[in-house]
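Here the structure is laid out as structure tokens; the discussion comes afterwards.
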Amino acid sequence: MSRADSSDTAKGPPPLVTTSSSAVTKKAVGKRKRDSEIRLVPDDQRIFKSQRFYFFPNSDKHPARKLRIAKAIEFGATWESEFNESVTHIVADKSMDYGLLLKYLKKDALPPHIALVSENYPAECITFCRLLDPRQPQFKVRGYDLSAAAPPISSASSDRSLKLKPAPDSVRARQPETPVQDDRVPESPPTVSTEDGEGEEDRNPSAPPIESTAEFDAALKQARDLRHVPLDMEEDSGSRPTSSDGPATDDERPPAGSELDRRKKGKAQNYQAKFQCMHKHTGSDENPNVGTIAILQQMAEYYNQVGDEWRTRAYRKAISTLRNHPTKVWTREEALALPQIGGRLASKIEEIAYTNRLRRLDNAKAEPQDQVLQTFMQVYGAGFAQASKWVNAGYTTLDELVEKAELTPNQRIGIDHYADFNSRIPRAEVEQHGNAVRKALHKIDPAFDVIVGGSYRRGAKDSGDIDCIITRPNTDLPHIRQVVLDQLVPKLFAKRFLMAELAATSRDDGSKWHGASCIAGSSSSTGIWRRIDLLLVPSDELGAALIYFTGNDIFNRSLRLLASTKGMRLNQRGLYKDVIRGKGREKLSEGTLVEGRDEKRIFEVLGVPWRPPEHRIC
DNA sequence: CAACAGAAGCT
DNA sequence: AGCTTC
DNA sequence: GTTG
Ligand SMILES: O=c1ccn([C@H]2C[C@H](O)[C@@H](COP(=O)(O)OP(=O)(O)OP(=O)(O)O)O2)c(=O)[nH]1
Ligand SMILES: [Mg+2]
């Protein structure tokens with residue numbers, strides 16, 4: 001249970017605070033303290049001069065809202081750390097409503113001189129370079145009736161359903177009439193290909209779960225949410241390109257009918273349950289909780305867009321367990337019994353089950369802004385922070401970014417090859433790229449090995465990129481690095497196979513190279529730029545490197561979490577034991593190497609039953 | 001109440 | 001040190 | 001958001 005924030009739907013107000021101690025100067029015109037200075041725009045542009053803003057929630061803890069507050073200050077606003085009568089504007093998150101605000105302020109109504117506006121207000125004003133009329137419908141806050149002198153409190157309180165947590169604000173700026181026009185994205189939306197998760201059936205009847213399974217499971221649970229939940233939208237396909245970020249779709253499936261009887265209900269059942277990750281959800285029909293899941297997914301998506309990483313994870317965890325739950329969950333108690341579902345989610349689940357919807361989300365999501373943000377975040381080299389800035393700056397298309405925004409070289413490449421980088425690579429083409437690398441390398445020194453890892457090694461029918469492990473028996477890293485950097489890469493560039501360098505390892509340390517490659521010739525894939533990753537690994541580390549580079553990411557995290565619970569540490573070089581961790585799991589000693597060379601032995605030491613790459617999908 | 005994997009490269 | 005990616 |  002979390003008590004940390006007492007606030008939620010019913011009771012407490014959102015955790016504002018900010019000010020109190022020292023976080024912010026009382027009436028900050030700029031908050032000193034941590035980001036020391038916010039540079040104000042020239043005096044004549046300070047459209048918010050002498051305006052006093054109070055945000056709701058009023059904390060700058062979350063990344064996106066922080067940005068917005070900073071922006072307002074930049075344009076002359078004073079940020080009131082506490083509510084008082086001098087406030088001129090209250091800027092409320094989309095997820096908030098009038099009722100919540102009143103409740104928090106302990107008031108029956110808002111003084112008429114204070115303007116209540118929604119979160120997009122500051123950005124709009126900045127866009128138009130002037131103070132806009134707060135009464136415009138676009139700035140309306142739910143439950144706040146502008147026409148009524150004293151808006152009834154009831155309006156809002158009535159809609160106590162699932163409220164969004166005071167989250168970091170969602171970034172928004174001017175509203176584009178035209179969403180993002182990506183001319184760069186031909187037909188295939190940069191989106192995720194709908195995945196057909198099918199690679200699930202675990203075979204492994206033979207390997208009954210050993211004890212450690214439980215631990216691994218636990219670890220796995222913690223980790224799996226991280227992955228972008230694969231939403232399978234079979235039917236609703238066309239409708240939404242969102243799916244958050246993931247190119248996560250693997251549909252890796254073991255070639256043959258791996259389906260084996262799942263005999264042994266007992267442990268096998270248990271075992272199975274834990275590894276739901278390799279679960280297929282093939283039919284959209286078969287899960288009784290689809291409705292609930294859909295809504296929770298929207299919530300997760302919302303929090304994701306708002307930059308609330310951990311809450312997003314929590315939602316995804318819950319979604320994951322719901323997805324594997326065979327029966328429809330109706331009540332709070334029922335939900336509470338499930339792993340990764342606590343009191344808050346349990347209540348929400350119950351409510352969703354009955355009402356089948358979530359009102360809070362209505363205004364907070366699916367706004368055009370979200371689409372823009374999504375689009376920007378899919379630019380290679382741009383993450384949440386950068387995409388938010390762009391959105392806040394008012395950009396709405398990729399073209400606009402190219403024209404007006406400052407881009408890093410990688411971001412420029414990311415935009416120029418936006419469609420390419422966001423499309424899946426057919427398995428056969430992955431092979432071609434791998435072969436090109438291998439062939440060139442063998443010409444330099446036939447003793448080298450190239451292993452294509454990533455989703456390819458897991459058996460996926462298509463991949464997001466090409467992950468190559470480059471190694472050589474009895475060879476150390478410096479030598480491998482030298483060959484790769486001094487010979488292989490230049491050679492592949494000369495052959496016009498490599499087209500760009502996105503991240504290179506420095507000459508004397510480092511072990512990876514990231515760039516873009518392209519197959520010449522005349523196939524359907526000709527001319528498409530692909531991201532390619534080279535991982536340079538000395539022979540002693542091959543096992544650990546294989547685990548790392550084979551993934552999937554969720555699997556890795558779960559394994560690493562498990563290791564840490566055993567006083568060990570797993571990374572791409574090896575498994576270490578007797579790791580000393582200080583406060584906050586901080587690594588104090590490297591620990592001593594246990595195993596790095598043999599993939600299987602790492603599993604053994606960790607007490608995890610071996611699973612082939614195809615089964616490492618969580 | 002802190003942890004939720006662990007690391008590398010770029011800006 | 002923050003951001004982004006693997 | 002949930003968990004140890
Ligand atoms: O956050 C991450 C991302 C990736 N990896 C590992 C696992 C993953 O399998 C491998 C390659 O990364 P990539 O992003 O290419 O993922 P993938 O599994 O190959 O999927 P995709 O088909 O999108 O390339 O690196 C991690 O450990 N953590
Ligand atoms: Mg990959």
Side-chain angles (χ1 to χ4, degrees), chain A residues 1-5 8 34-35 63 164-165 167 218-226 245 247 296 299-300 303-304 307-321 335-336 338-349 377 379-389 406-411 414 421 453-455 464-465 467 469 501-506 509-514 531-536 544-545 547-565 568-576 579 581 583-587 590:
Chain A
M1 317 238 135
S2 52
R3 72 225 99 302
D5 17 340
D8 188 6
R34 44 110 82 87
D35 52 18
L164 290 177
K165 231 0 202 222
L220 204 136
K221 288 186 169 165
Q222 287 247 308
R224 72 181 154 219
D225 58 310
L226 302 176
D245 45 341
L296 291 180
M299 304 245 269
Y303 286 122
N304 185 42
D308 197 335
E309 179 190 356
W310 298 110
R311 188 168 273 118
T312 301
R313 284 191 191 182
Y315 270 84
R316 289 183 167 156
K317 273 189 222 171
I319 288 168
S320 193
T321 85
L336 216 36
L338 302 174
Q340 310 306 314
I341 295 181
R344 311 182 142 240
L345 274 174
S347 299
K348 289 179 169 73
I349 288 170
M377 282 203 298
V379 171
Y380 180 89
F384 178 80
Q386 186 58 260
S388 294
K389 285 178 191 164
E406 289 220 336
L407 305 173
T408 66
N410 281 2
Q411 287 162 355
F421 286 175
S455 49
D465 64 1
D467 302 298
I469 287 181
E501 179 173 276
L502 297 168
T505 149
S506 62
D509 68 309
S511 54
K512 75 182 190 193
W513 190 92
H514 195 181
R531 287 173 296 137
I532 186 167
D533 252 358
L534 308 182
L535 186 67
L536 320 184
I547 290 178
Y548 162 62
F549 230 34
T550 298
N552 66 3
D553 51 354
I554 303 294
F555 180 86
N556 287 353
R557 296 169 79 157
S558 62
L559 210 55
R560 290 173 179 206
L561 187 62
L562 172 59
S564 87
T565 67
M568 298 190 275
R569 175 171 62 104
L570 176 64
N571 62 18
Q572 56 267 57
R573 311 183 116 85
L575 177 65
Y576 302 76
V579 175
R581 290 185 152 92
K583 64 179 321 167
R585 278 249 158 357
E586 183 192 7
K587 178 182 64 189
E590 299 274 299

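Labels below follow one simple rule: chain letters A, B, ... track the order of the sequence lines, proteins then strands, and each chain is numbered from 1. None of the values given here were measured: they were computed from a predicted structure.
Across all strands, A:Leu535 comes closer than 4.0 Å to no nucleic acid atom at all (heavy-atom distances). Contact annotation for A:Val379: backbone-only contact, meaning every heavy-atom pair under 4.0 Å involves sugar-phosphate atoms and none involves a base. Residue A:Ala504 is in sugar-phosphate contact alone, with no base atom involved, counting any heavy-atom pair closer than 4.0 Å across all strands shown. At a threshold of 4.0 angstrom between heavy atoms, the contacts of A:Tyr380 are confined to the sugar-phosphate backbone, with no base atom among them. The residue A:Asn410 sits apart from the nucleic acid: no heavy atom pair falls under 4.0 Å.
Rounded to whole Å, the C1' atom of D:dT2 lies 26 Å from the corresponding atom of B:dA7. Comparing B:dC4 with C:dC6, their P atoms sit 23 Å apart, to the nearest whole Å.
Between the P atom of C:dC6 and the CZ atom of A:Arg573 lies a distance of 19 Å, rounded to the nearest Å. Separating the CG atom of A:Asn571 from the C1' atom of B:dG6 is a distance of 7 Å, rounded to the nearest angstrom. C:dT5 atom P lies 18 Å from atom CD1 of A:Ile532, rounded to whole Å. Between the CG atom of A:Leu562 and the P atom of B:dG6 there is a distance of 11 Å, given to the nearest Å. Regarding A:Arg311, its CZ atom lies at a distance of 6 Å from the C1' atom of D:dG1, rounded to whole Å. At whole-Å resolution of the value, NE2 in A:His514 and P in C:dT5 are 10 Å apart. Look at CG on A:Asp308: it is 8 Å from C1' on D:dG1, rounded to the nearest Å.
Between B:dG9, B:dC4, C:dC6, one nucleotide has an atom nearer to the side chain of A:Arg313 than all others, and that is B:dC4. The side chain of A:Gln340 lies closest to D:dT3 when the candidates are D:dT3, D:dG1, B:dG6.
Listed by chain and number, the residues in a ring-ring contact (aromatic ring centres under 6.0 Å, His included) with A:Tyr380 are A:His514 (sequence neighbours excluded).
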Find every protein N or O atom lying less than 3.5 Å from an N or O atom of nucleotides 1-3 of chain C, and list the pairs.
none

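For B:dG6, the OP1/OP2 oxygens have no side-chain nitrogen or oxygen of A:Arg560 closer than 4.0 Å. Taking side-chain N and O atoms only, A:Ser511 has no distance below 4.0 Å to OP1 or OP2 of B:dA8.
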